[in-house]
Protein chains: 2
Amino acid sequence: MATRPQPGDASSRSRGPRTRSRASHSLESVLAAAVAILDESGAQRLTIRALAARLGGGVASVYWYVSGRDELLDLAADSVLGGVLEAVADIGDGDPIDNLRTIAVTMFDAIVDRPWLGAYVLRDTATQIHSLQLYELIGEQVMRLELTPRQSFHATSAVVGFVIGTAADMGQEPPEAVVSGEMSKEEYMAGATAQWRALDAARFPYIHHIIDEFDGHDDRDQFIGGLDLLLTGLRLQAER
Amino acid sequence: MATRPQPGDASSRSRGPRTRSRASHSLESVLAAAVAILDESGAQRLTIRALAARLGGGVASVYWYVSGRDELLDLAADSVLGGVLEAVADIGDGDPIDNLRTIAVTMFDAIVDRPWLGAYVLRDTATQIHSLQLYELIGEQVMRLELTPRQSFHATSAVVGFVIGTAADMGQEPPEAVVSGEMSKEEYMAGATAQWRALDAARFPYIHHIIDEFDGHDDRDQFIGGLDLLLTGLRLQAER
DNA sequence: ACCTGAACACCGTTCAAGT
DNA sequence: ACCTGAACACCGTTCAAGT
């Protein structure tokens with residue numbers, strides 16, 4: 001990150017009225033526009049051309065700020081985690097497990113409505129400072145449980161893996177039909193439920209056992225249910 | 001899946017010497033070739049053209065078997081899970097938690113060496129039968145713990161989310177430099193470790209606390225460490 | 001029923017040139 | 001230092017035609 005020039009960081013030109021013969025951006029404005037497109041239309045629709053058009057400039061100008069599409073996604077994902085970090089930065093010295101729960105839920109809330117995020121979050125800590133800081137923050141709460149370094153490492157990774165995995169799974173990039181708007185998300189879910197109900201009960205006893213729970217379930221409750229299992233295991237390890 | 005014709009399923013023409021003026025495929029051969037390319041070169045390199053070339057035919061023939069690139073990836077991922085399913089199908093009626101551990105570790109082993117898998121596994125149970133069956137199998141073990149349907153649903157989702165999240169995170173699609181071969185995976189990891197060691201110890205106490213564990217750590221140990229926390233929590237819930 | 005080559009409408013990225 | 005338009009080398013997908 002620090003290896004690239006970062007215009008707009010503390011520069012004099014921050015947004016004043018200029019001659020305006022050419023478009024003028026900054027890393028932040030590029031990332032903000034990228035996140036906006038991502039949130040509105042998903043990763044598939046974030047093309048360099050679409051981004052340039054939204055910024056009102058030419059395609060090549062984007063490459064002044066990022067090395068390519070991959071880094072653009074990495075930085076866009078990291079900028080969202082920056083918001084999470086800000087929200088939990090002053091988490092305080094209450095019960096560490098409670099703090100972990102708070103951090104995890106905040107992350108979940110940020111990721112679940114952004115199907116595109118899962119694949120790019122915490123991918124490269126060299127580029128993604130906020131990701132690194134968030135990982136550190138989670139680790140610091142785990143450290144307070146006074147486990148061995150190895151246990152701390154495993155526990156921190158587990159929390160991060162669980163959050164990202166579950167949130168990414170739940171907020172998955174929906175199928176083309178939903179993206180294109182020819183089918184609503186509700187219709188899609190209703191279809192999935194119907195398909196499950198139609199399964200042979202003898203071959204799929206579990207599916208039938210939980211189908212009523214699945215139908216109309218709340219993703220957040222589901223996430224917290226699993227998270228609490230993990231945190232219970234962690235608490236037990238710490239108390240031993 | 002059953003909505004599409006499946007040539008080669010139980011058909012008479014299974015691979016006999018033919019006139020051979022044209023290439024001839026089957027869903028299985030198409031998926032096998034796709035998985036081979038995926039394993040060798042990653043998702044980015046699996047182009048329809050590369051796949052057709054490997055099959056020795058034209059591009060358009062692929063579209064006879066799959067509706068597009070997305071479904072190709074879905075089915076390729078599901079075919080790998082088919083192998084996992086086969087390996088654990090006769091898991092037996094031993095301790096359910098032990099069984100869950102076995103299934104999870106088998107899944108982990110299959111996913112971790114396939115960075116491309118994480119993003120496509122368990123995405124659409126309408127297309128991915130093996131994924132559905134594996135989900136069912138995990139759920140059946142959880143059912144034996146005799147929790148409420150809601151608890152069962154949450155626990156099953158948690159196990160699946162943890163496995164996929166952690167494995168996907170660990171086996172991430174490596175950066176371009178590694179894919180293209182200009183940098184080895186070891187060099188990349190060594191670089192990451194060095195970068196972490198260089199961080200300010202006052203601002204990153206956790207990173208420094210675990211850096212020796214991170215350096216040269218075994219992904220599998222790390223996965224199992226986290227998994228056991230989750231399963232401990234689950235066992236406790238079941239015993240209550 | 002299954003395969004083909006060519007064509008279409010895109011992409012990400014680069015580059016020489018501008019300001 | 002930052003932006004531009006045009007060009008390059010690709011893509012996924014479709015289609016009319018073949019066998």
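Lettering of chains follows the sequences in order, A, B, ..., and the numbering in each one begins at 1. Treat the numbers as computed from the prediction; the structure is a model and nothing was measured.
- Considering only side-chain N and O atoms, B:Tyr63 lies nowhere under 4.0 angstrom from the phosphate OP1 or OP2 of C:dC3.
- Residue contacts shown for B:Leu72 are absent, as no nucleic acid heavy atom lies under 4.0 Å away.
- Nearest to the side chain of A:Tyr65, among D:dC3, C:dG12, C:dG5, sits D:dC3.
- Ring pair B:Tyr135/A:Trp196 is tilted by interplanar angle, where 30° to 60° counts as tilted.
- The CG atom of B:Leu55 sits 14 Å away from the P atom of C:dG5 (whole-angstrom rounding).
- Using the six-membered ring where Trp is involved, B:Phe153 and A:His217 have ring planes that are perpendicular, over 60° apart on the 30 and 60° scheme.
- The environment of A:Glu40 atom CD is dense: over 12 non-hydrogen atoms of other residues, nucleotides or ligands sit within 6.0 angstrom.
- Per the geometry, CH2 belonging to A:Trp64 stands 13 Å off C1' belonging to C:dT19, to the nearest Å.
- The listed nucleotides are D:dT4, C:dC3, D:dC15; the one nearest the side chain of B:Ala60 is D:dC15.
- Nucleotide C:dC2: paired with D:dG18 (Watson-Crick or G-U wobble, both distances less than 3.5 Å).
- The residue B:Ser61 sits close to a base: some heavy atom pair falls under 4.0 Å.
- Within the model, atoms CG of B:Leu132 and CG of B:Leu122 stand 8.5 Å from one another, a figure rounded to the nearest 0.5 Å.
- In this structure, the CZ atom of B:Arg45 is 18 Å from the C1' atom of D:dG12, given to the nearest Å.
- Atom pair A:Arg49:CZ and D:dT4:P shows a separation of 15 Å (rounding to whole Å applied).
- A:Leu46 has its CG atom 12 Å from the C1' atom of C:dC11, to the nearest Å.
- The pair A:Arg123-A:Asp78 fails the salt-bridge criterion, with no side-chain N (NZ, NE, NH1 or NH2) lying under 4.0 Å from an Asp/Glu carboxylate O.
- Straight-line distance from the CD1 atom of B:Ile48 to the C1' atom of D:dG12: 7 Å, rounded to whole Å.
- Between the CD atom of A:Glu71 and the P atom of C:dT13 there is a distance of 11 Å, rounded to whole Å.
- Here D:dC11 sits opposite no nucleotide as a Watson-Crick or G-U wobble pair (both hydrogen-bonding atom distances under 3.5 Å).
- Looking at heavy-atom distances under 4.0 Å, B:Leu51 makes no contact with the nucleic acid at all.
- Distance, A:Leu73 CG to C:dT13 P: 10 Å, rounded to whole Å.
- Of the two residues contacting DNA chain C, namely A:Gly68 and B:Gly57, the nearest-nucleotide position lying further toward the 5' end is that of B:Gly57.
- Of all nucleotides listed (D:dG12, C:dC3, C:dC11), C:dC3 comes nearest to the side chain of B:His25.
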